[in-house]
Amino acid sequence: DRAEPVNISQRSEAAQKLKIGIYFATWWALNVVFNIYNKKVLNAFPYPWLTSTLSLATGSLMMLISWATRIAEAPKTDLEFWKALAPVAVAHTIGHVAATVSMSKVAVSFTHIIKSGEPAFSVLVSRFLLGETFPVPVYLSLLPIIGGCALAAVTELNFNMTGFMGAMISNLAFVFRNIFSKRGMKGKAVGGMNYYACLSMLSLVILTPFAVAVEGPQMWAAGWQKALSQIGPNFVWWVAAQSVFYHLYNQVSYMSLDEISPLTFSIGNTMKRISVIVSSIIIFHTPVQPVNALGAAIAIFGTFLYSQAKQ
Ligand code: 3PG
């Protein structure tokens with residue numbers, strides 16, 4: 001009899017681990033599909049500000065329909081909630097558009113190698129802007145992350161400054177997004193799925209005027225015609241796939257973030273990048289030099305050391 005409470009708690013711990021495992025596997029799989037369609041679209045239609053906007057618009061629409069049809073229960077929000085969400089949405093918008101601009105200029109694998117440096121940004125932001133200090137091994141683990149990313153960048157065959165800076169800006173913006181999101185969800189009635197839905201909607205409002213100003217309907221119309229004539233009607237399906245999968249992978253990632261720490265989240269995110277890097281190199285026949293691959297491997301190994309040091 002006495003052993004029962006232990007068994008129950010062990011069982012619920014195992015169930016929780018299984019649940020997080022399923023979330024992670026789904027998140028990674030959805031993300032690989034997103035990255036492939038996103039790049040196919042950008043290759044034919046190089047307007048990342050519009051494709052970023054369409055991803056957010058599609059997600060917002062999917063969630064509004066889910067709420068209206070009661071597939072998902074709409075969250076009860078007040079002005080305070082939206083005010084607190086505003087800085088998260090600014091960070092999400094910047095991180096999203098910067099990553100998409102990056103992928104329109106360089107190989108998907110290169111963007112993700114640079115984005116595997118996100119934990120280093122997390123430590124630097126926490127240290128210099130939030131005044132948090134870490135044990136020495138944590139700082140030491142940044143050396144392979146930064147060194148590996150640097151080696152991969154300087155040996156990248158198709159290096160492009162906009163592509164590089166886009167991925168760096170995305171890293172910085174997403175560190176803020178994750179820290180503020182976790183704070184915003186803590187103890188609140190709005191769970192991960194609805195939190196991300198509201199985030200999409202607010203980001204869409206922020207991004208739309210900028211997308212019109214930077215690219216605009218004239219460029220989009222001409223580009224769309226060109227892509228349609230090159231690819232055929234399938235092009236529309238590619239756009240739909242990149243938009244739907246963008247929403248789905250982010251939704252699942254927020255359902256995970258709701259249950260885990262930002263640290264576990266960023267490690268899961270780096271592991272996700274390994275599957276994206278490998279699959280995109282295979283699918284897009286990206287040329288890789290051994291020294292370039294070594295840089296990526298060192299950076300990812302650095303993230304593993306970082307996770308050990310931080311725990
Ligand atoms: C985006 O467009 O938001 C990026 O492709 C996503 O980057 P992530 O892999 O960090 O979610």
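Counting starts at 1 for both ligands and their atoms, in listed order.
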Next on the checklist: If you take the centroid of each ring, where Trp contributes its six-membered ring, are Trp49 and Phe210 closer together than 6.0 Å?
Outcome noted: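 Ring-ring flag for Phe210/Trp49: false, centres at least 6.0 Å apart.
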For a distance cut-off of 3.5 Å, show me each N or O of ligand 1 paired with any protein N or O, plus the separation.
from     : atom 1 : to     : atom 2 : distance (Å)
ligand 1 : 2 (O)  : His96  : ND1    : 2.7
ligand 1 : 2 (O)  : Thr100 : OG1    : 3.4
ligand 1 : 3 (O)  : His96  : ND1    : 3.1
ligand 1 : 3 (O)  : Tyr246 : OH     : 3.2
ligand 1 : 9 (O)  : Lys272 : NZ     : 2.7
ligand 1 : 9 (O)  : Arg273 : NH1    : 2.8
ligand 1 : 10 (O) : Lys115 : NZ     : 3.1
ligand 1 : 10 (O) : Arg273 : NH2    : 2.9
ligand 1 : 11 (O) : Tyr249 : OH     : 2.6
ligand 1 : 11 (O) : Lys272 : NZ     : 3.4

Checklist entry - For Glu215 and Trp220, does a side-chain donor sit closer than 3.5 Å to a side-chain acceptor? => result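 Checked: Glu215/Trp220 side chains pair up, N/O donor to acceptor below 3.5 Å.
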Item to check | For Tyr246, ring-ring contact (aromatic ring centres under 6.0 Å, His included) partners two or more places apart | outcome: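 Tyr246 satisfies ring-ring contact (aromatic ring centres under 6.0 Å, His included) with Phe34, His96, Tyr249 once adjacent residues are dropped.
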Checklist entry - Who are the side chain to side chain contact (heavy atoms under 4.5 Å, CB included) partners of Ala296, not counting sequence neighbours? => result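 Side chain to side chain contact (heavy atoms under 4.5 Å, CB included) check on Ala296 returns Ile113.
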Next on the checklist: I'd like to check the side chain to side chain contact (heavy atoms under 4.5 Å, CB included) partners of Glu132; sequence neighbours left out, ordered by chain and number.
Outcome noted: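 Ser126, Phe134.
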Item to check | Trp28 six-ring centre to Lys272 NZ/CZ under 6.0 Å and within 45° of normal | outcome: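 Cation-pi check for Lys272 and Trp28: fails.
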